[in-house]
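Let me begin by presenting the structure, written as structure tokens, before commenting on it.
Ligands are counted one by one from 1 in listed order, and the atoms in each one are counted from 1 as well. Computed from a predicted model, the values in this text were never measured in an experiment.
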Amino acid sequence: MKYSLFSLIRNGLSHHERWPRAWRSPELKGSYDVVIVGGGGHGLATAYYLAKEHAVTSVAVLEKGYVGGGNTGRNTEIVRSNYLWDDAARLYEFSLKLWQDLSRELNFNLMYSKRGLLSLGHSLQEMRDIARRVNANRLNGIDSELLSAEEVREMVPILNTSPGARYPVLGASLQRRGGTARHDAVAWGLARAADGLGVDVVQQCEVTGFRRENGRVVGVDTTKGYVAAKRVGVVTAGSSGVLASMAGFRLPIESHPLQAWVSEPVKPTLDAVVMSNAVHAYVSQTDRGELLAGAGIDSYNGYGQRGSFSVPEHAISSLVELFPIFSRLRMMRQWAGIVDTCPDACPIIGATPVDGLYFNCGWGTGGYKATPGSGWVFAYTLATGRPHRLNAPFSLDRFRTGRLIDEHGAAGVAH
Ligand code: FAD
Ligand code: PYC
């Protein structure tokens with residue numbers, strides 16, 4: 001106890017000079033069993049579970065920038081599993097169960113906070129859709145409740161629930177286990193744990209091409225040289241289309257900016273996550289006191305991590321209608337990530353037309369919550385060459401067979 005107090009004071013005064021590195025900065029080797037392209041949460045989780053669950057430790061994660069610098073470090077941290085269709089509900093629920101124990105498992109505080117997530121209904125038809133989703137969730141064993149306007153008012157007294165409001169609140173769905181988890185901690189915790197199991201996490205290493213022999217991938221070209229690999233997993237979110245085109249095929253994916261912003265910090269005022277599909281806006285309060293909010297996607301395609309002004313303007317004016325108390329808040333920062341949207345608002349996890357090359361992408365606006373589950377099933381696929389039953393429905397092939405899984409309603413943020 002004395003020692004930890006002493007070490008806390010010493011480290012507090014040291015301006016980080018004496019802090020050890022959380023993971024190595026290894027030289028890139030000439031070959032690996034598995035190369036993972038993309039050092040976001042999904043790529044790092046894949047590497048971690050490859051090593052932990054399948055004893056595959058000859059693994060490199062190649063990241064063109066820095067770990068967590070993509071959508072993993074840009075999202076609004078919402079975690080939930082209340083999806084409509086069985087296939088999606090199973091995958092997201094599996095992930096939510098992994099979040100439960102992940103801080104302990106990684107020995108890294110991910111600050112998973114089950115503060116409850118409300119999805120508001122503003123019209124009779126929206127309430128019918130919400131009720132359908134709540135019932136479907138319950139049939140899948142997922143906690144989900146239908147709240148009346150009065151119950152919403154009790155839970156979030158600062159919400160404008162007056163009948164004359166511009167966006168009248170008729171009720172909401174509530175997932176009590178839904179909430180938030182701190183995104184940069186997720187990237188760092190997974191990078192450290194994967195590194196500890198022998199995975200090479202190589203930053204500033206961009207993949208620039210794939211090499212093939214007899215229709216099979218044999219390695220990748222990078223800005224640090226060529227690396228041979230028995231299998232390659234691509235987990236590059238908004239850049240997935242670019243990587244697929246390097247490999248010689250197309251994905252049914254569009255890349256769009258998705259924006260978010262935080263206000264100056266204020267005293268605790270909102271202890272649940274509140275989303276509204278109809279107004280394309282959502283908000284929660286961070287542990288630092290900032291109001292963290294976001295909108296639907298910018299409608300145009302693009303790779304600029306900025307977005308256009310009209311989107312936050314619309315979302316903020318709607319949020320102020322819903323929460324008049326926020327009207328004097330000052331915005332501190334705004335940013336965007338590039339999200340990879342699929343026509344059915346569901347991911348693609350599995351084989352591609354190139355043997356040995358697998359993609360995990362298309363999570364769009366909602367992949368953060370799936371980080372551990374996505375890594376877990378993708379590790380299974382990379383280790384065995386087969387889909388796990390949880391990711392089998394999310395094949396690229398579904399766009400040929402027509403077995404789509406339409407989750408636009410549950411995606412929560414407009415695609
Ligand atoms: P990323 O974290 O983007 O990682 C991909 C990595 O690949 C990047 O680091 C990139 O640099 C790297 N890369 C790209 N090309 C190359 C290359 N050629 N070579 C090497 N590396 C490369 N989801 C939720 O569930 N809840 C939310 O509240 C939520 N809010 C969001 C808010 C915003 C503003 C945004 C932008 C997204 C939000 N999302 C949310 C979606 C979520 O962030 C993503 O689905 C998820 O983080 C994707 O993780 P990833 O690891 O696949 O991608
Ligand atoms: O998927 O829950 C979600 C989400 C909220 C904000 C952005 N994505």
Closest candidate by heavy atom, reference atom 34 (C) of ligand 1, pool V220, V234, L258, T365 | L258
Name the option, out of A295, S240, G337, that contains the heavy atom nearest to atom 36 (C) of ligand 1.
-> G337
For ligand 1, find out whether one of its N or O atoms is nearer than 3.5 Å to an N or O atom of G366.
-> yes
Is it true that R115 and D287 have a side-chain N and a carboxylate O under 4.0 angstrom from each other?
-> yes
Test D33 against R231 for side-chain contact (heavy atoms from CB on, under 4.5 Å), laying out the working first.
-> CA-CA 6 Å; D33 286 346; R231 287 192 175 133; over 6 Å; no
What residue and heavy atom of the protein are closest to atom 31 (C) of ligand 1, and at what distance?
-> N75 CB, 3.2 Å
Ring-face cation of R192 near F108 (centre distance under 6.0 Å, axis angle within 45°) = no
With a 4.5 Å heavy-atom cut-off, do V274 and Y282 have their side chains touching?
-> no
Record the part of V37 in heavy-atom contact with ligand 1 below 4.0 Å; permitted values are side chain, backbone, both and neither.
-> side chain
Just jot down the ligand 1 atoms closer than 4.0 angstrom to any heavy atom of L62, in number order.
-> 20 (C), 21 (N)
Does E77 approach ligand 1 within less than 4.0 angstrom via side chain, backbone, both or neither, non-hydrogen atoms only?
-> backbone
Quick one: nearest non-hydrogen protein atom to atom 26 (N) of ligand 1, plus distance?
-> I78 O, 3.0 Å
Is there side-chain contact between E254 and C342, with at least one heavy-atom pair below 4.5 Å?
-> no
Heavy-atom contact under 4.0 Å between P257 and ligand 1?
-> no
At less than 3.5 Å, what protein N or O atoms come close to the N or O atoms of ligand 2? Include the distances to 0.1 Å.
from	atom 1	to	atom 2	distance (Å)
ligand 2	1 (O)	R80	NH2	3.3
ligand 2	1 (O)	K369	NZ	2.5
ligand 2	2 (O)	R80	NE	2.7
ligand 2	2 (O)	R80	NH2	3.0
ligand 2	8 (N)	T365	O	2.7

Within-cut-off N or O pair, E206 and ligand 1, under 3.5 Å | no
Number the atoms of ligand 1 from 1 as they appear, then name those within less than 4.0 Å of a heavy atom of G364, with their elements.
-> 41 (C), 45 (O)
Atom indices of ligand 1 within 4.0 angstrom of C205 heavy atoms, with elements = 20 (C)
State whether the side chain of T208 and the backbone N or O of D221 hold a donor-acceptor pair below 3.5 Å, judged by distance alone.
-> yes
Pairs meeting criterion side-chain hydrogen bond (donor to acceptor under 3.5 Å, both in side chains) with involvement of residues 96-106, two or more places apart | Y48-E105, K52-E105, E93-K97, Q100-K114, D101-R104
When distances are taken from atom 18 (N) of ligand 1, the protein heavy atom at minimum range is V207 O, 3.1 Å
Among P347, A370, S239, whose heavy atom sits nearest atom 15 (N) of ligand 1?
-> S239
Short N or O distance, A260 and ligand 1, threshold 3.5 Å exclusive | no
Backbone or side-chain N or O of R74 under 3.5 Å from ligand 1 N or O = no
Exactly one candidate in V186, L96, T180, L110 meets side chain to side chain contact (heavy atoms under 4.5 Å, CB included) with V79; the answer is L96
Are F359 and F249 near enough that their ring centres are under 6.0 Å apart?
-> yes
Would L120 and V152 satisfy side-chain contact (heavy atoms from CB on, under 4.5 Å), going step by step from the backbone distance to the final call?
-> CA-CA 9 Å; L120 303 177; V152 175; 4.1 Å; yes
For E27, does the CD atom have more than 12 heavy-atom neighbours from other residues, nucleotides or ligands under 6.0 Å away?
-> no
Looking only at N/O atoms, are T236 and ligand 1 under 3.5 Å apart anywhere?
-> no
Taking both backbone and side-chain atoms of W363, is any N or O found less than 3.5 Å from an N or O belonging to ligand 1?
-> no
Ligand 1 to G367 polar contact by distance, N or O atoms, under 3.5 Å = yes
Any donor-acceptor N/O pair, D200 side chain to V202 backbone, under 3.5 Å | no
Does E407 use its side chain to pair, donor to acceptor, with the backbone of L84 at less than 3.5 Å?
-> yes
Take the angle between the ring planes of F94 and H388 and call it parallel below 30°, perpendicular above 60°, tilted in between.
-> parallel
Considering only non-hydrogen protein atoms, determine which one is nearest to atom 50 (P) of ligand 1 and report residue, atom name and distance to 0.1 Å.
-> H42 CD2, 3.7 Å
Determine yes or no for a side-chain-to-main-chain donor-acceptor pair under 3.5 angstrom, with H280 supplying the side chain and G296 the backbone.
-> no
Is D355 paired with R212 through a side-chain N to carboxylate O contact shorter than 4.0 Å?
-> no
Residue, atom and distance of the protein heavy atom nearest atom 3 (O) of ligand 1 read N71 N, 2.8 Å
Would you please determine whether G41 falls within less than 4.0 Å of ligand 1 on a heavy-atom basis?
-> yes
Heavy-atom donor-acceptor pair, H256 side chain to Y300 backbone, under 3.5 Å = yes
Electrostatic pair R176:D143 at N-O distance under 4.0 angstrom | no
Any nitrogen or oxygen of T76, main chain or side chain, under 3.5 Å from a nitrogen or oxygen of ligand 1?
-> yes
Identity and separation of the nearest protein heavy atom to atom 53 (O) of ligand 1 | A237 CB, 3.3 Å
Is the closest heavy-atom distance from C361 to ligand 1 below 4.0 Å?
-> no
Can you pull out the closest protein heavy atom to atom 7 (O) of ligand 1? Residue, atom name and distance to 0.1 Å, please.
-> G38 CA, 3.3 Å
When you measure from atom 25 (O) of ligand 1 to every protein heavy atom, which one gives the shortest distance, and what is it?
-> K369 N, 2.9 Å
S95 side-chain N/O to L91 backbone N/O, donor-acceptor pair under 3.5 Å = no
